[in-house]
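For reference, the structure discussed in these notes is given below.
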Amino acid sequence: MKQVLSSSRQYIEQLKTAGYRDEALFLANAHANTLVPVEQSMTPRDRQMAEKLVHLVESHPGHQIVVWGASSHLVNSLAVIDNMKPDWTYDSAISMGQLVKQQLDEKYFAIAMTACTGTFGAQQIGIEEKRIQKPKPGSLEYYMCENEFDQAAFINLRSLSAREDGAWLQSPLLARPLGYEFMRASWPLVLDGLIVVRKMEPSTPVE
C-alpha cells in the first residue's frame, strides 16, 4: 500500500508539472482519502480540500464562492478548541479552514450553525435523530437564546469581538456548533460568524 501511495504521489506531481492541474487535483482527492485510514488522521483529506478550494478561488477571480461542509473541516482552527473529552483532543488537528485562512486571510469567512432547541439527524446516512438539549447557562447559545428573535439570528464574531463591548466574546465560552456537543473555546479564533437557529429540524430525504 505504501508503495502504491508513493507512486501515485509521484504521478500526481508529474501531472502538475505538465500543466494538468485539474487532473492532478482529481487524483489527489482519491490519494488523500486513501491516506485517511492509513495515517488514522483527517489531515491528508483537509490538506487536499484546502488546496482544491484555493485553486477554485484563484481560478475564479472576482467571484464569491460558498462552500457547504461539516463545520469541523471549515473552522479556522481546531487546536484552540477544548472538546472536553479526556480520551481524544483536537490538539494536533489541522482543518481545511485553517490552511485556507493562512493563504486567503480575511477573504475566508467561516460560518457554523447551532440551535436553541429542536432535533438533528440524518437517518439517510446513518445519523439517528436526537433531541437538542436546552443551552447550558453561561454558554454562547444561552446568551443568544435568551434574547428575542424569530427563526434565526446571525452573530458576526469577527467584527463584534473586535469592539470594546464585544471583547467578552474572546473569553473561553461553552458553545456547540460542532455536532451539538458543548465545547469550550475563544470562538472568534474558531469561527468568523455563527448562525443560531431557534428550532432546528433534522434533514429529510427529498422525494
**Full working for side-chain contact (heavy atoms from CB on, under 4.5 Å) between Met113 and Met200** = CA-CA 10 Å; Met113 298 183 70; Met200 179 60 69; 4.3 Å; yes
**Message:** Under the criterion side-chain contact (heavy atoms from CB on, under 4.5 Å), I'd like the reasoning laid out for Ile155 against Val196: C-alpha separation, chi angles, the key distance, then a yes or no.
**Reply:** CA-CA 8 Å; Ile155 312 174; Val196 183; 4.2 Å; yes
**Asked** For Leu74 and Trp68, what are the C-alpha separation, side-chain angles and deciding distance, and is it a side-chain contact (heavy atoms from CB on, under 4.5 Å)?
**Response** CA-CA 9 Å; Leu74 303 179; Trp68 190 281; over 6 Å; no
**Prompt:** Where do Glu141 and Arg176 land on the side-chain contact (heavy atoms from CB on, under 4.5 Å) test, with the steps shown first?
**Reply:** CA-CA 8 Å; Glu141 286 86 354; Arg176 55 184 182 193; 3.1 Å; yes
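Side-chain contact check for Leu189 versus Ile81: every heavy-atom pair is 4.5 Å or farther apart. Two residues are said to be in side-chain contact when any heavy atoms from C-beta on lie closer than 4.5 Å; Arg47 and Ile94 meet this criterion.
When all heavy atoms of Tyr108 and Lys101 are compared, the closest pair comes out as O-NZ, 2.9 Å. The two residues Leu99 and Ala50 make their nearest non-hydrogen contact at CB-CB, 3.6 Å. The nearest pair of heavy atoms linking Trp187 to Pro177 is CZ3-CG, 3.7 Å. The two atoms that bring Arg198 and Asn147 nearest to each other are NH2-O, 2.8 Å, heavy atoms only. Across all their heavy atoms, Pro202 and Phe120 have their closest contact at CB-C, 3.9 Å. In terms of heavy-atom proximity, Leu56 sits nearest to His60 at O-ND1, 2.9 Å.
For the residue pair Thr43 and Asp46, no side-chain donor N or O sits within less than 3.5 Å of a side-chain acceptor on the partner.
Distance check: Leu191 CG to Ser161 OG gives 11.0 Å after rounding to the nearest 0.5 Å.
Counting heavy-atom neighbours within 6.0 Å of Gln102 CD, excluding the residue itself, gives a total above 12.
Remark: Arg158 is not positioned above the aromatic ring of Phe109, lacking an NZ or CZ atom under 6.0 angstrom from the ring centre and at most 45 degrees off the axis.
Leu194 and Phe149 fall within a single hydrophobic cluster, where Ile, Leu, Val, Met, Phe, Trp and Tyr side chains are chained together by heavy-atom contacts under 4.5 Å.
Comment: Arg163 engages Asp165 in a salt bridge, judged by a side-chain N to carboxylate O separation of less than 4.0 angstrom.
Under the side chain to side chain contact (heavy atoms under 4.5 Å, CB included) rule, Val190 has a single partner from Asn76, Val80, Leu157, which is Val80.
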